[in-house]
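Below, read A as the first sequence line, B as the second, and so on, with proteins coming before strands; counting in each chain starts at 1. Values in this document were obtained by computation on a predicted structure and should not be read as measured data.
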There are 4 protein chains.
Amino acid sequence: MKEASSKSPGRPRSAKAHQAMLRATLELLGEMGYGAMSIEAIAARAGVGKTTIYRRYSRKEELVADAIESIREEVLLPDAGSLWADLDAVIENAAQISLTPIGRQAVAMIISSAASNPGFAQIYWDKYLEPRRTAFARVIDRAKVRGEVDQALDPGLVFDTLSGIMLYALIFPPVGQSWQDYVRGALGLIFKASDECP
Amino acid sequence: MKEASSKSPGRPRSAKAHQAMLRATLELLGEMGYGAMSIEAIAARAGVGKTTIYRRYSRKEELVADAIESIREEVLLPDAGSLWADLDAVIENAAQISLTPIGRQAVAMIISSAASNPGFAQIYWDKYLEPRRTAFARVIDRAKVRGEVDQALDPGLVFDTLSGIMLYALIFPPVGQSWQDYVRGALGLIFKASDECP
Amino acid sequence: MKEASSKSPGRPRSAKAHQAMLRATLELLGEMGYGAMSIEAIAARAGVGKTTIYRRYSRKEELVADAIESIREEVLLPDAGSLWADLDAVIENAAQISLTPIGRQAVAMIISSAASNPGFAQIYWDKYLEPRRTAFARVIDRAKVRGEVDQALDPGLVFDTLSGIMLYALIFPPVGQSWQDYVRGALGLIFKASDECP
Amino acid sequence: MKEASSKSPGRPRSAKAHQAMLRATLELLGEMGYGAMSIEAIAARAGVGKTTIYRRYSRKEELVADAIESIREEVLLPDAGSLWADLDAVIENAAQISLTPIGRQAVAMIISSAASNPGFAQIYWDKYLEPRRTAFARVIDRAKVRGEVDQALDPGLVFDTLSGIMLYALIFPPVGQSWQDYVRGALGLIFKASDECP
DNA sequence: TCCTAAACGAGACGGTACGTCTTGTCTTTAG
DNA sequence: CTAAAGACAAGACGTACCGTCTCGTTTAGGA
């Protein structure tokens, strides 16, 4: 049986150029921030024609999203033995992503474009949040099995609340304590309650 | 007593021009969004020279902040009789501000500039959040008096968590229920214990 | 004697592609003019790869020259019986070439490239002007035999002067009379003497 | 009586910037030729924003025309005593303009744009040719007074023929003799006739 | 019937220049 | 001394072509 080798004609797109532009994007994102970063500068830094960028991405958001995507690590939340050990792992993981210069810029872009172009938030939801949301649900499930939290607790809602406070703490950094401790304190509002009742 | 008539010499600044530029800023903010809005366009719409804008504000954020400030309403949180009645009032108040087109744009700007220019978040903290945070503390205090919540509850932390989930719900709007109901659900995670335990 | 069958190996150049590109060149030359015509557009119109054009021609001038050459007619100047009858035939012939849209564009290109790339004028001299110059010399020779002009008259110089006035009339079209009549009038300056004196 | 001081408001256009751009245009015109000269390069050389050029001229031709115009000298054709002495002055004057690098480029542009944009030839006619045509008419008139040429001779037609041959000799430079001698020879075709008859 | 080799269409590549837009500053006249 | 108007230098925008460079696919001999 013959394979349908439906390769498109013409010269294939250069993987080298693609890598170079993602790399340059990340560098400049860290150096000068999302808003101040021009396509022209990215092209120059990558040693690539502007056309080569515009051929792949029609908006700056798309390019940056792809660049960030390219360095995204796998979501790994192994069972640490207890609810709070698991939560600490989640918080630490988020901290390592959000507190780097590039992480802050990524958050800036996500929020900035999400607000002005509502449909665009979907990308970040699908690529970033949703996988984490699913992984977090397993953390809560394990806690339910251990009897650490109420069986009726909605894992998604907890994740959203956690994300919200993390986001807030990025914009208005807590004074007097670390970002992680602050988030942990807020998380205590939710889980202390469940702990104390019975 | 004579007033300190330390009038500076020359033509006084035109209040009419000032009003016109704030008005034009708000209009364009609603029409095309914060990022797409140029100083040039604001000046043209207001029938005002660019210089007249630059004389008063050196950054777009300042102008927009002032424009938003000009329509801000007073924070009023009267005692509604119970914790949840008060919380509903808080949520509804936030909804009326955040869910309008201009409100969304304001949030976009706040977040966008806060993330890229960390020190700039202070303005929004001082002018918008802090007054609400203080008012919210009174709500919690009343709940404590009524015995509805734990005496040790940190009102600021609750406010921050509430703000976080509101922010998150603006960026990733909930599906299947209203913004208000969603926020109320998340708030339930915190106050459920107080409701259910006794 | 062995034939020089020095056929190069590999696929021979496609006559069909060659025809298509010359045809497309002439069409676009008439439609949008020499300067505004891009190689890219020619290739697209001809349904031919850009490479196929660049393999044959390294400059736009060469392609256009070849395209024009491909429709060039033979120079035929039969004896019309008298000097002015012959001259009228020459003028009419030039008019039919120069006054069409494609003719004007050809002249534009010839002049434009000749001025900026002096050595390039040679092509047009060799392919277009020189044959006509030679044919014109025969017209003058016949007139000398008939005694219509001075024996010492330099046919080349007359041809050049005639070409000059034709060129001038193309650039600055005469008002109030036809191009042909205007050229005829100018030619009268030269041949008037011969007409009137005897 | 009050003067109509209808000065337009706003900052007036900078004469310094204008001078700089004309100067840069002429320099580059001589250095790299009309076709190869980009607006971008002119702006850079002049130390002027591109906008400042586009504010004044919408086409490259207009800018170049103005630049050339700015160095144009007055047409002076004093009575040299005889027809041929006057003609020699005319030829020499034309040579000094047309045979410089900048002159050749100017001719290239005039012809190039005249052919592709017919209405545009008018500028060169009005600014350059017409004044010379009028001045030349006086030369012929003086010759008529002296009895050197036929009273019926049309000065405009002679001027056009002269311009034509000059143009032709610029594009296809004569070999074996100077441009001036060549033009003089062609002019002989016209004036020898008138001389010889009686 | 394969093999070699060039030409083919398609289209991506690094660039240059385009003409427009915006930025923040400067310079004028009018009030 | 401010207002409006608008010119200024600078530089990014997204587009169009440039001439070059892969690709995979014909299309011919010569073996």
* Whole-Å distance between E/dC21 C1' and B/Ile42 CD1? -> 15 Å
* **Rounded interatomic separation in angstrom, taking CZ from A/Arg13 and P from E/dA10** => 17 Å
* Determine whether more than 12 heavy atoms belonging to other residues, nucleotides or ligands lie under 6.0 Å from atom CZ of C/Arg23. => no
* Spacing of D/Arg59 atom CZ relative to E/dA17 atom P, expressed in whole Å -> 22 Å
* Under 4.0 Å: is that the gap between some side-chain N or O of A/Ser14 and OP1 or OP2 of E/dA12? -> no
* To do: Quickly work out the C/Lys16 NZ to F/dT26 P distance and round it to whole Å.
  => 13 Å
* Map D/Gly10 and A/Ile39 onto DNA chain F by nearest heavy atom, then report which one ends up closer to the 5' terminus. => D/Gly10
* **A/Arg11 (side chain) and F/dC21 (base): donor-acceptor pair under 3.5 Å** => yes
* Does a nitrogen or oxygen in the side chain of A/Thr52 sit under 4.0 Å from OP1 or OP2 of E/dG14? -> yes
* Structure fact -> Heavy-atom nearest pair, A/Leu22 first then A/Ser70, reads CD1-CB, 4.0 Å
* To do: Rounded to the nearest angstrom, tell me the gap between atom CZ in C/Arg56 and atom P in F/dG19.
  => 17 Å
* To do: Taking only the side-chain heavy atoms of B/Val48 (C-beta and beyond), determine which of F/dA4, E/dA7, F/dC8 contains the nearest atom.
  => F/dA4
* Should the pair B/Glu40-B/Arg45 be classified as a salt bridge under the 4.0 Å nitrogen-to-oxygen rule? -> no
* Report which part of the nucleic acid A/Thr51 touches: base, sugar-phosphate, or nothing (heavy-atom distance under 4.0 Å, all strands). => base
* Asked: Please give, in whole Å, the distance from E/dG19 P to D/Leu63 CG?
  -> 12 Å
* **Along DNA chain E (nearest heavy atom to each residue), the more 5'-positioned of C/His18 and B/Lys60** => C/His18
* Nearest to the side chain of D/Glu40, which nucleotide is it out of E/dC18, F/dG14, F/dG19? -> E/dC18
* Report yes if at least one side-chain N or O of D/Arg55 is closer than 4.0 Å to OP1 or OP2 of F/dC8; otherwise report no. => yes
* **Closest nucleotide among F/dA9, E/dT28, E/dA5 to the C/Pro9 side chain** => E/dA5
* To do: Rounded off to whole Å, could you give me the OH-to-C1' distance for the C/Tyr57 and F/dT20 pair?
  => 20 Å
* Rounded distance in Å - CD (C/Glu62) to P (F/dG19) -> 11 Å
* To do: Report yes or no: is there a donor-acceptor pair, N or O only, under 3.5 Å between the side chain of A/Lys50 and the base of E/dG14?
  => no
* So, for A/Ile39 and A/Leu63, which heavy atoms are closest and what is the spacing to 0.1 Å? -> CD1-CD2, 4.4 Å
* Asked: Which atom names give the shortest non-hydrogen contact between D/Met37 and D/Leu29, and what distance separates them?
  -> SD-N, 3.6 Å
